[in-house]
Amino acid sequence: MYYITETNKSFDQSAADLEAAVKQHGFGVLHVHDLGSTLRSKDIAFDQHCKVFEVCNPVQAGKVLATDMRLNMALPCRISVFTENGTTKIGTIRPVQMLSMLSQEAALAQIASEVEAKIIQMIDEAK
């Protein structure tokens with residue numbers, strides 16, 4: 001269900017490299033949630049780093065929504081850069097598995113497969 005890889009890069013370098021890879025593959029970064037900073041700003045003890053990138057390819061998103069409008073609640077795709085036990089990781093929930101659990105529309109399998117392949121490329125390039 002998840003695709004997670006470890007990297008020897010720093011958290012900040014991994015986040016910057018992921019953002020560059022997203023743009024290089026024709027996706028846009030709609031927003032970046034800095035969960036670590038947000039939690040710490042609320043006086044919650046949180047020692048890890050975690051940035052969640054909301055990414056979208058407008059053409060693919062349009063196809064998904066045209067097939068099953070309910071899936072607007074699953075978009076955009078998210079890719080996370082986070083630390084865990086001193087290791088920086090980059091990961092996502094696999095679109096193929098996620099969308100197959102949310103909709104039985106056969107046309108979505110191909111779209112999800114194309115998106116997943118690109119997201120995995122982005123993650124692998126950023127690591």
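Bear in mind the structure is a predicted one, so any value in this text is a computation, not a measurement. Below, each value reflects all heavy atoms present in this structure, side chains not excepted, and no hydrogens, waters or symmetry copies.
Between Thr87 atom OG1 and Glu6 atom CD the span is 5.0 Å, to the nearest 0.5 Å. Here Tyr3 contributes atom OH and Ile90 contributes atom CD1; the two are 9.5 Å apart, rounded to the nearest 0.5 Å. Once rounded to the nearest 0.5 Å, the distance linking NE2 of His33 with OG of Ser80 reads 9.5 Å.
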query: How far apart are the C-alpha atoms of Leu108 and Leu71, what are their side-chain angles, what is the distance that settles it, and do they pass the side chain to side chain contact (heavy atoms under 4.5 Å, CB included) test?
result: CA-CA 10 Å; Leu108 289 174; Leu71 295 177; 3.3 Å; yes
task: Applying side chain to side chain contact (heavy atoms under 4.5 Å, CB included), run through Asn57 and Val115 and close with a yes or a no.
output: CA-CA 8 Å; Asn57 178 292; Val115 169; 5.8 Å; no
- request: For Gln24 and Met122, run side chain to side chain contact (heavy atoms under 4.5 Å, CB included): C-alpha distance rounded to whole Å, both residues' side-chain angles, the deciding distance at 0.1 Å, then the answer.
  value: CA-CA 9 Å; Gln24 183 179 351; Met122 293 175 214; over 6 Å; no
message: One pair to check against side chain to side chain donor-acceptor pair (under 3.5 Å): Gln48 and Thr83. What are the steps and the verdict?
response: CA-CA 6 Å; Gln48 304 300 323; Thr83 59; 2.8 Å; yes
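In this structure, Ser100 contributes its side chain and Val96 its backbone to a donor-acceptor pair below 3.5 Å. In this structure a side-chain-to-backbone donor-acceptor pair under 3.5 Å is present from Ser41 to Thr38.
Across Ala107 and Thr67, no two heavy atoms sit closer than the pair CB-CG2, 4.2 Å. Of all heavy-atom pairs between Thr7 and Lys127, the closest is OG1-O, 3.0 Å. In this structure, Ser14 and Ala126 approach most closely via the heavy-atom pair O-CB, 4.2 Å.
By the criterion of side-chain heavy atoms lying less than 4.5 angstrom apart, applied directly or through intervening Ile, Leu, Val, Met, Phe, Trp or Tyr residues, Met98 is grouped together with Tyr2 in one hydrophobic cluster. Under a hydrophobic-cluster definition in which Ile, Leu, Val, Met, Phe, Trp and Tyr are linked whenever side-chain heavy atoms come within less than 4.5 Å, directly or via other members, Leu30 and Leu75 are assigned to different clusters. Note on Met69: it clusters hydrophobically with Leu102, by side-chain heavy-atom contacts below 4.5 Å among ILVMFWY residues.
A 4.5 Å side-chain heavy-atom check between Lys9 and Thr88 finds every atom pair outside the cut-off. Counting only heavy atoms from C-beta outward, the side chains of Met1 and Met101 approach each other to under 4.5 Å. When side chains are defined from C-beta on, Cys50 does not count as touching Val81, because their heavy atoms never get closer than 4.5 Å. At a threshold of 4.5 Å between non-hydrogen side-chain atoms, the residues Val22 and Phe53 do not count as touching.
None of Ile79, Leu35, Val32, Asp34 except one satisfies the side-chain contact (heavy atoms from CB on, under 4.5 Å) rule with Val52; the exception is Leu35.
Applying the side-chain contact (heavy atoms from CB on, under 4.5 Å) test to Ser10 and every residue at least two apart in sequence or in another chain returns Asp12, Gln13. The ring pair (Phe, Tyr, Trp, His ring centres under 6.0 Å) search around Phe11 returns His49, not counting sequence neighbours. When the ring pair (Phe, Tyr, Trp, His ring centres under 6.0 Å) test is applied to His25, no partner is found at least two apart in sequence or on another chain.
Through direct or indirect side-chain contacts shorter than 4.5 Å among Ile, Leu, Val, Met, Phe, Trp and Tyr, Phe46 is connected to Leu39, Ile44.
Residue pairs meeting the salt bridge (Lys or Arg N to Asp or Glu O under 4.0 Å) criterion with at least one member in residues 100-124, sequence neighbours excluded, are Arg94-Glu116. Applying the salt bridge (Lys or Arg N to Asp or Glu O under 4.0 Å) test to pairs two or more places apart or on separate chains, those with a residue in residues 45-71 are Glu54-Arg78, Asp68-Arg70.
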